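The structure appears below as structure tokens.
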Amino acid sequence: MSAPLQHRSLLAQAAIAGLLIIKHGTADNTCALATASSDALVGTNDSLAKEAGELVEFPTAGVGEVLLGAAVARGQPLTADATSRAIAAAPAAGTNARIIGFAMASGVLGDVIDYQISPGYMQG
């Protein structure tokens, strides 16, 4: 039996499709689509698309799901690409990247995989 997830809700500043990576919005308690590894990543939207002004619910602990933007291998740290999908975090030397956690399965572009929620930074 798996442990229950902890969730948080933020107000969408624009439309957000399901299973994409979100970042903090421009105001408190808001979110927007993440489009770079340098964004203040929050996590991933649940599987339901949200319109601007709707609440986006996302898990803050445990295991989440994310849509992949490229091939990843299980165990790799994940960050956001320009289309808010997950890619392997591989920052250049001396560059920081924010991550949402670690891939729990390998996958390719367009796959939905589980990831261990563990937000943080990594430096190349």
Side-chain angles (χ1 to χ4, degrees):
M1 175 182 255
S2 58
L5 292 176
Q6 296 177 10
H7 286 84
R8 173 90 164 93
S9 297
L10 296 173
L11 195 64
Q13 290 187 308
I16 297 176
L19 303 174
L20 294 180
I21 300 175
I22 56 175
K23 65 179 180 178
H24 287 287
T26 57
D28 288 345
N29 299 313
T30 65
C31 65
L33 288 170
T35 56
S37 64
S38 59
D39 286 345
L41 305 181
V42 173
T44 54
N45 182 20
D46 62 22
S47 61
L48 303 174
K50 306 297 188 304
E51 296 298 323
E54 290 185 319
L55 286 176
V56 174
E57 186 172 308
F58 60 96
T60 59
V63 176
E65 291 182 301
V66 67
L67 179 64
L68 294 180
V72 300
R74 65 189 159 278
Q76 286 186 303
L78 301 174
T79 193
D81 71 5
T83 59
S84 310
R85 295 177 291 183
I87 58 172
T95 302
N96 291 327
R98 291 185 184 235
I99 64 169
I100 59 169
F102 298 89
M104 294 185 68
S106 299
V108 296
L109 172 68
D111 284 350
V112 174
I113 64 164
D114 288 343
Y115 73 98
Q116 178 65 46
I117 298 168
S118 183
Y121 289 93
M122 67 179 291
Q123 186 176 44

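A quick note: this is a predicted structure, and the numbers were derived from the prediction, not measured. We're numbering straight along the sequence, starting at 1.
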Could you list the donor-acceptor pairs under 3.5 angstrom formed by side chains in residues 86-95, with sequence neighbours left out?
none

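- The heavy-atom pair separating Val63 from Met104 by the smallest distance is CG2-SD, 3.6 Å.
- Val42 and Ile100 fall into different hydrophobic clusters, where Ile, Leu, Val, Met, Phe, Trp and Tyr are joined by side-chain heavy atoms under 4.5 Å apart, directly or via other members.
- With side-chain heavy atoms closer than 4.5 Å counting as contact, directly or through intermediates, the hydrophobic cluster containing Met122 also holds Ile99, Phe102.
- For Ala73 against Ser106, the heavy-atom pair with the smallest separation is CA-OG, 3.5 Å.
- Closest heavy-atom contact between Ala103 and Val72: CB-CG2, 4.3 Å.
- Formation of a donor-acceptor pair under 3.5 Å by the Gln116 side chain with backbone atoms of Gly62 is found in this model.
- In this structure, CG on Leu10 lies 11.5 Å from NZ on Lys50, to the nearest 0.5 angstrom.
- Residue Ser9 holds its OG atom at 11.5 Å from CD of Glu54, rounded to the nearest 0.5 Å.
- Other members of the cluster containing Leu11 are Leu55, with ILVMFWY side chains joined at under 4.5 Å, either directly or via other members.
- Distance check, rounded to the nearest 0.5 Å: CD of Glu65 to CD1 of Ile113 gives 10.0 Å.
- In the hydrophobic cluster analysis, where Ile, Leu, Val, Met, Phe, Trp and Tyr join through side-chain heavy atoms closer than 4.5 angstrom, Val56 is grouped together with Leu33.
- When all heavy atoms of Ala36 and Leu41 are compared, the pair lying nearest together is O-CD2, 4.1 Å.
- With hydrophobic clusters built from ILVMFWY side chains whose heavy atoms lie under 4.5 angstrom apart, Leu78 shares a cluster with Ile117.
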Donor-acceptor pairs under 3.5 angstrom involving side-chain atoms of residues 16-29: please list them, not counting sequence neighbours.
unit_1	atom_1	unit_2	atom_2	d
Thr26	OG1	Gln13	NE2	2.7
Asn29	OD1	Arg8	NH2	3.0

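- Applying the side chain to side chain donor-acceptor pair (under 3.5 Å) test to residues at least two apart or on different chains, the pairs with a partner in residues 83-93 are Asp81-Thr83, Thr83-Arg85.
- For residues 93-121, the set of pairs meeting the salt bridge (charged side-chain N to carboxylate O under 4.0 Å, His left out) definition, not counting sequence neighbours, is empty.
- Note that OH of Tyr121 and OG of Ser37 are 11.5 Å apart. Values are rounded to the nearest 0.5 Å.
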